[in-house]
Amino acid sequence: MANIVLLGAPGAGKGTQAALIKEKYNLPHISTGDIFRKNIREGTPLGVQVKAIIDRGELVPDELTVALVKDRLAQPDCKDGYILDGFPRTIAQAEALEGFSKVDMAINIAVENEAVIGRIAGRRMCKCGETYHVSTYDREECAKCGSRLYQRDDDREEVVRERLRVYDEQTKPLIDFYANRNLLRTVDGSGGVDATFELVCKVIDGNR
Ligand code: AMP
């Protein structure tokens, strides 16, 4: 049983690490960003509601996001644990989460702001959920499903700067929030994917 929250700036590697944790520990990976993007792609009412907000690099309102996550965590596949990636992003969301689920640990993937800009610029996505980086993958199709890779609209540099500003202002305070509850575990995310994952596993195994 492990209810895990992943913290870290945009581009710190939350999604990549979440996918690896999912594989190794068999926990569902819940990314609010992925859920919003899927809704935007499919043109659902939720997608229409959030598209402009996300394209500007701002945050979707807490009430809407909290309701979505509350619903998702009530699904049977979350009963033995979960990985939350991109939620909570504000103190209000973290407080709301305490009302319906007990977080076991918040793993903060620490990376300098300057480093994440380069990481995000080279990031490529697939609609199946895979993510790549141009420095390690030079094909234009997904290795898993063959679909054409794309760059997220909000990965453009001016939007990235706004997302980093929003992170510093609204999400960074969560580090203290979880530290105060003795739930914070910080790992150095500046190394490669595998090196970071080793540190993440140590943290998870230490808590089990
Ligand atoms: P991400 O894929 O986690 O970088 O999220 C992409 C975008 O979705 C963010 O820049 C926000 O606009 C929105 N978003 C994702 N998660 C949240 C959240 N927990 N609260 C508010 N907005 C969110």
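Order of appearance sets the numbers: ligands from 1, and atoms from 1 within every ligand.
- Between atom CG of residue Asp104 and atom CD1 of residue Ile4 there is a gap of 8.0 Å, rounded to the nearest 0.5 Å.
- In terms of the side chain to side chain donor-acceptor pair (under 3.5 Å) criterion, residue partners of Glu157 (sequence neighbours excluded) are, by chain and number, Arg161.
- The backbone N or O of Ala143 sits less than 3.5 Å from a side-chain atom of Tyr132, completing a donor-acceptor pair.
- A distance limit of 4.0 angstrom between heavy atoms and ligand 1 selects the residues Thr32, Gly33, Phe36, Arg37, Ile54, Glu58, Leu59, Val60, Thr65, Gly86, Phe87, Arg89, Gln93, Arg152, Asp154, Arg163.
- Using a 4.0 Å cut-off between charged side-chain N and carboxylate O, Arg181 and Glu98 make a salt bridge.
- Of all the heavy atoms in Leu6 and Lys14, the pair that sits closest is CD1-O, 3.4 Å.
- Side chains of Tyr25 and Asp205: a donor-acceptor N/O pair is present below 3.5 angstrom, by distance only.
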